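What you see is a predicted model; the values in this text were computed from it and never measured. The first residue of the sequence shown is numbered 1, and numbering continues consecutively from there.
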Amino acid sequence: MALRVITGLRKGHKLKGPKGENSRPTEDKIKEAVFNIIGNIEEDEVALDLFACTGNIGIEFLSRGAKKAYFSEIDRNNLTDMEYNIIHTKFENQSVILKGDFRKNLMQIRENIDYVYLDPPYKSGFYEKAFEYMLDHKYFDNALFIVEIDKDIDFSKIYGKLDLVYEKKYGRKYIRFYRETE
């Protein structure tokens with residue numbers, strides 16, 4: 001799948017996509033819709049691309065003006081392509097690549113996160129595990145959680161801790177925006 005930076009500082013830059021069948025990057029039409037909903041990214045904001053694959057979403061945050069992006073990924077092939085994409089778009093100084101299991105990676109974050117893009121393998125159970133950590137951690141208190149999820153996945157276990165801000169359906173998947181319940 002051909003990927004590109006949609007807008008901002010690196011508009012039009014082509015990105016390497018994943019080669020394996022187990023990875024499914026966010027399509028351009030969904031990525032564009034997500035960022036239209038978010039609106040302007042402030043220059044002091046920080047994003048986390050959790051389960052980053054080749055860095056498509058985090059790079060888009062940086063291109064649109066985010067100060068920094070964290071990228072969390074475990075797959076070696078995806079990490080190689082992500083590093084290439086970050087260097088190709090000249091965002092090395094604004095990027096923090098966290099390699100390995102997402103639970104270990106989340107514990108390495110030591111600053112407030114404004115946006116979390118969460119798109120793990122659909123049937124993995126990682127949604128709940130990631131939120132278990134993030135909802136109990138001060139660095140995620142004010143984050144906007146953007147979740148790409150299959151329509152058949154039951155996400156109700158954590159609804160009590162999150163407020164659904166916005167939802168849109170794209171074929172078999174939903175993009176949902178959440179904030180932590182106050």
Set of residues satisfying side chain to side chain contact (heavy atoms under 4.5 Å, CB included) with respect to Y170, sequence neighbours excluded:
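Testing Y170 for side chain to side chain contact (heavy atoms under 4.5 Å, CB included), a comparison that skips the adjacent residues, returns I30, A33, K168, K173, I175.
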State which residues pass side chain to side chain contact (heavy atoms under 4.5 Å, CB included) with D141; sequence neighbours excluded, sorted by chain then number.
K138, E180
Pairing residues for Y166 by the side chain to side chain donor-acceptor pair (under 3.5 Å) criterion, not counting sequence neighbours:
none
Please test L106 against S72 for side-chain contact (heavy atoms from CB on, under 4.5 Å), starting from the C-alpha separation and ending with a verdict.
CA-CA 8 Å; L106 285 170; S72 174; over 6 Å; no
Is the side chain of [X] donor-acceptor paired with the backbone N or O of [Y] at a distance under 3.5 Å, no angle test?
| X | Y | value |
| --- | --- | --- |
| D114 | V46 | yes |
| R64 | N40 | no |
| N56 | T26 | yes |
| S63 | T7 | yes |
| R172 | K169 | no |
| E73 | C53 | yes |

When you compare the side chain of [Y] with that of [X], does any pair of heavy atoms fall below 4.5 Å?
| X | Y | value |
| --- | --- | --- |
| N112 | N142 | no |
| F131 | V147 | yes |
| L50 | N105 | no |
| L118 | F145 | no |

Let me see the working for M134 and V116 under side-chain contact (heavy atoms from CB on, under 4.5 Å), right down to the final yes or no.
CA-CA 10 Å; M134 290 186 293; V116 176; 3.9 Å; yes
Taken to the nearest 0.5 Å, the spacing of L9 CG from I59 CD1 works out to 12.5 Å
Hey, what do you get for CG (D75) to OG1 (T80), rounding to the nearest 0.5 Å?
8.5 Å
Before giving the answer on side-chain contact (heavy atoms from CB on, under 4.5 Å), spell out for L162 and L135 the whole-Å C-alpha distance, their side-chain angles and the decisive distance to 0.1 Å.
CA-CA 9 Å; L162 294 169; L135 293 177; 3.7 Å; yes
Show the atom names and distances, to 0.1 Å, of all donor-acceptor pairs under 3.5 Å that link a side chain in residues 85-94 to residues at least two apart or in another chain.
| unit_1 | atom_1 | unit_2 | atom_2 | d |
| --- | --- | --- | --- | --- |
| N85 | OD1 | K16 | N | 2.8 |
| N85 | ND2 | K16 | O | 3.0 |
| N85 | ND2 | T54 | O | 3.0 |
| N85 | ND2 | D81 | O | 3.4 |
| H88 | NE2 | K14 | O | 3.3 |
| T89 | OG1 | N85 | O | 2.8 |
| T89 | OG1 | I86 | O | 3.2 |
| Q94 | NE2 | A66 | O | 3.4 |

Given E83 and K99, is the salt bridge (charged side-chain N to carboxylate O under 4.0 Å, His left out) satisfied, shown in steps?
CA-CA 11 Å; E83 289 169 348; K99 300 175 182 180; 3.0 Å; yes
For residues 38-62, which residue pairs qualify under ring pair (Phe, Tyr, Trp, His ring centres under 6.0 Å), counting only residues two or more places apart or in two chains?
F35-F61, F51-F102, F51-F126, F61-Y115
Return each pair, listed once, that meets salt bridge (charged side-chain N to carboxylate O under 4.0 Å, His left out) where at least one residue sits in residues 29-55; pairs must be two or more places apart or across chains.
D28-K31, K31-E60
